[in-house]
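Not measured: the values here are computed from a predicted model. Naming: A, B, ... by sequence-line order, numbering from 1 per chain.
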There are 2 protein chains.
Amino acid sequence: MTTKHRTNAAVLFHALSDQTRVALIEKLKDGEQCVCELTDALHTGQSRLSFHLKVLKEAELIHDRREGRWVYYALNREALADLEDFVRELKDAAGRTVSSKRCE
Amino acid sequence: MTTKHRTNAAVLFHALSDQTRVALIEKLKDGEQCVCELTDALHTGQSRLSFHLKVLKEAELIHDRREGRWVYYALNREALADLEDFVRELKDAAGRTVSSKRCE
DNA sequence: ACAATACATCAACATTTATTGATTAGTCAA
DNA sequence: TTGACTAATCAATAAATGTTGATGTATTGT
């Protein structure tokens with residue numbers, strides 16, 4: 001894995017490293033939603049959510065779409081598929097354990 | 001998903017939200033290794049690595065084992081499996097897109 | 001054009017996280 | 001027991017992130 005790939009992985013993980021952002025993407029599992037719905041669901045301030053949505057968007061985990069006064073956010077399948085692949089490779093490697101080399 | 005689960009997910013993701021820690025777990029795909037090997041591989045200071053190993057360990061993504069003067073670290077399959085499940089559920093939800101509700 | 005709505009952005013500040021060098025603790029071998 | 005070696009921890013500091021309230025921007029209805 002290249003440095004670039006590691007950087008990308010770290011960026012994706014970082015985007016999910018906060019409870020509020022995890023709550024946001026969990027909410028988006030129900031499908032595309034506007035900011036007002038998300039704000040209601042999370043009982044929190046608008047600028048705070050806007051900040052976290054931006055982090056998720058910059059990591060390309062979600063995308064947005066304006067329709068009239070509303071902006072709708074939704075999950076990005078591709079980034080999530082990449083992330084799943086990354087984690088599965090780690091898990092599989094953890095299965096192939098062992099070796100038990102020694103330092104001397 | 002409960003608040004506790006979201007917290008756990010955020011903790012796991014946080015542990016992987018740093019390039020150095022991603023590099024560490026990538027290295028551990030090759031199997032159990034002592035700190036000295038990891039330090040050599042990453043060309044970095046010992047206390048710095050110790051810090052990052054602790055973050056990964058507290059998230060239970062890795063575990064350690066002392067043998068003589070050396071401490072060996074290895075991946076924890078269980079946490080990685082949990083993480084994979086979490087991400088897969090997100091990805092699957094992203095597939096079931098749509099709805100296109102409107103705010104009025 | 002004006003007011004209202006939905007959302008983004010900004011600046012100031014608070015909190016969290018990371019880095020560095022020094023010290024401490026555990027293990028071993030002489 | 002002394003000294004060398006491996007690694008963890010600590011304290012000081014630096015850097016990155018998150019929160020809040022205020023302001024700015026785009027869009028709509030009147």
* Work out which heavy atom in B/V87 is nearest to a heavy atom in A/E84; give both atom names and the distance. => CG1-N, 3.6 Å

* Minimum heavy-atom distance between A/D18 and A/T20, given as atom pair plus value -> OD1-N, 2.7 Å

Does [N] have OP1 or OP2 under 4.0 Å away from a side-chain N or O of [X]?
| X | N | answer |
| --- | --- | --- |
| A/R48 | D/dT19 | yes |
| B/Y73 | D/dA8 | yes |
| A/R21 | D/dG18 | yes |
| B/H52 | C/dT19 | yes |

* Structure fact -> By nearest-heavy-atom nucleotide on DNA chain D, the more 5' of A/T20 and A/R69 is A/T20

* Asked: If each of A/G45 and A/W70 is mapped to the nucleotide of DNA chain D with the nearest heavy atom, which maps nearer the 5' terminus, i.e. the 5' end?
  -> A/G45

Just how far, in rounded Å, is [atom2] of [N] from [atom1] of [X]?
| X | N | atom1 | atom2 | answer |
| --- | --- | --- | --- | --- |
| A/L49 | D/dT17 | CG | C1' | 16 Å |
| A/D18 | D/dA16 | CG | P | 18 Å |
| A/F51 | D/dT20 | CZ | P | 12 Å |
| A/Y72 | C/dA8 | OH | P | 13 Å |
| B/L38 | D/dA8 | CG | P | 10 Å |
| B/R66 | D/dC5 | CZ | P | 16 Å |
| B/K54 | D/dA7 | NZ | C1' | 13 Å |
| A/E67 | C/dT5 | CD | P | 20 Å |

* State whether the side chain of B/R21 and the backbone N or O of A/A10 hold a donor-acceptor pair below 3.5 Å, judged by distance alone. => no

* Asked: Tell me, do B/W70 and B/V35 make a side-chain contact under 4.5 Å, heavy atoms counted?
  -> no

* To do: State, with a plain yes or no, whether a side-chain heavy atom of B/H14 is found less than 4.5 Å away from one of B/V55.
  => yes

* Asked: Has the side chain of A/Q46 got a donor or acceptor that lies under 3.5 Å from a partner of the other kind on the base of C/dA8?
  -> yes

* Asked: Is there a donor and acceptor pair closer than 3.5 Å between the side chain of B/S47 and the base of C/dG21?
  -> yes

* Asked: Counting side-chain heavy atoms from C-beta on, which of C/dA18, D/dA8, D/dA7 comes nearest to B/S50?
  -> D/dA8

